[in-house]
Amino acid sequence: QAQLVESGGGLVQAGGSLRLSCAASGRTFNSYAMAWFRQAPGKERELVAAISWSGGSTYYAEIVKGRFTISRDNAKNTVYLQMNSLKPEDTAVYYCAAGVVIMATPGGYDYWGQGTQVTVSS
């Protein structure tokens with residue numbers, strides 16, 4: 001059974017860094033685009049960053065450009081999100097997702113992880 005498992009979330013002070021990982025199992029996701037979404041309480045799930053199957057194309061939400069970096073290691077079936085200069089407004093549950101191509105909406109993705117909490121204190 002295909003599964004995505006996120007890790008690396010936690011509590012960090014504003015200005016700090018975290019690195020999220022998403023490990024895939026049950027099938028290879030090397031041919032899938034991968035994405036990180038986040039959802040804060042009372043808000044809709046939003047796309048943070050995405051990367052094509054080869055890693056040749058990336059997308060970032062304007063609010064994280066220059067601070068977050070998405071990458072993937074297809075040999076390890078893992079995708080990462082390096083988050084620097086974190087702000088309190090980055091606080092959310094972060095989800096990993098896999099889809100055929102990069103899409104801006106959650107409905108465009110076929111597989112989802114269970115999420116990992118990121119909390120940034122001021």
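For clarity, every value in this text was computed on a predicted model and none was experimentally measured.
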According to a hydrophobic-cluster definition based on side-chain heavy atoms being under 4.5 Å apart (Ile, Leu, Val, Met, Phe, Trp, Tyr only), do Leu81 and Val118 belong together? yes

For Gly56 and Ser52 the tightest heavy-atom approach is N-OG, 3.3 Å

Cation-pi check, Arg72 onto Tyr80 ring (under 6.0 Å, within 45° of axis)
no

- Message: I'd like to check Leu4 versus Gln114 (side-chain heavy atoms, cut-off strictly below 4.5 Å). Are they in contact?
- Response: no

Exercise. Just checking, is any N or O donor in the side chain of Asp73 or Thr78 under 3.5 Å from an acceptor N or O on the other one?
Worked result: no

>> If we count only N and O atoms by modelled type, under 3.5 Å, do the side chains of Thr119 and Gln117 hold a donor and an acceptor together?
In response: yes

Side-chain (Asn74) to main-chain (Trp53) donor-acceptor, under 3.5 angstrom | yes

### Message
Could you see if Phe29 belongs to whatever hydrophobic cluster contains Val100? Use Ile, Leu, Val, Met, Phe, Trp, Tyr and a side-chain cutoff under 4.5 Å.
### Response
no

Report task. Spell out, as yes or no, whether a donor-acceptor pair under 3.5 Å connects the side chain of Arg67 to the backbone of Ser85. Result -> yes

When rounded to the nearest 0.5 Å, the distance separating CG of Leu86 from OG1 of Thr91 is 8.5 Å

Quiz prompt | Close side-chain approach of Glu44 and Gln39, heavy atoms under 4.5 Å | solution = no

| message | Walk me through whether Val120 and Glu89 qualify under side chain to side chain contact (heavy atoms under 4.5 Å, CB included). | response | CA-CA 8 Å; Val120 184; Glu89 50 264 43; over 6 Å; no

Applying side-chain hydrogen bond (donor to acceptor under 3.5 Å, both in side chains) to Asn77 and not counting sequence neighbours gives none

Could you tell me whether the side chain of Tyr109 and the main chain of Met103 form a donor-acceptor pair under 3.5 Å? yes

Check whether any side-chain heavy atom of Trp112 sits under 4.5 Å from a side-chain heavy atom of Gln3, and report yes or no.
no

Indicate, with yes or no, if Val12 and Met83 share a hydrophobic cluster defined by side-chain heavy-atom contacts under 4.5 Å among Ile, Leu, Val, Met, Phe, Trp and Tyr. yes

- [ ] Please answer: with hydrophobic residues joined when any side-chain heavy atoms are less than 4.5 Å apart, are Val93 and Leu11 in the same cluster?
- [x] no

NZ of Lys87 to OG of Ser122, rounded to nearest 0.5 Å, is 14.0 Å

Heavy atoms of Ser71 and Ile51 approach each other most closely as CA-CD1, 3.8 Å

For this session: State yes or no: do Val64 and Met34 share one hydrophobic cluster built from I, L, V, M, F, W and Y residues joined by side-chain heavy-atom distances below 4.5 Å, directly or via other members?
Result: yes

Original post:
Mind checking whether Tyr111 and Arg27 have side chains closer than 4.5 Å, heavy atoms only?
Top reply: yes

dist Ile102:CD1 -> Thr58:OG1 (nearest 0.5 Å) comes out at 7.0 Å

* **side chain to side chain contact (heavy atoms under 4.5 Å, CB included) assessment of Glu46 paired with Ile63** => CA-CA 11 Å; Glu46 62 178 357; Ile63 54 175; 4.0 Å; yes

Which of Phe68, Phe37, Tyr95 passes side-chain contact (heavy atoms from CB on, under 4.5 Å) with Val48? Answer is Phe68

- Under 3.5 Å, side chain of Glu6 to main-chain N/O of Cys96, donor-acceptor pair present? yes

ask   = Under a 4.5 Å cut-off applied to non-hydrogen side-chain atoms, are Trp36 and Cys22 in contact?
value = yes

ask   = Do side-chain atoms of Tyr60 reach the backbone of Ile70 as a donor and acceptor pair under 3.5 angstrom?
value = yes

On a heavy-atom basis, the closest approach of Leu47 and Ala35 is CD1-CB, 3.8 Å

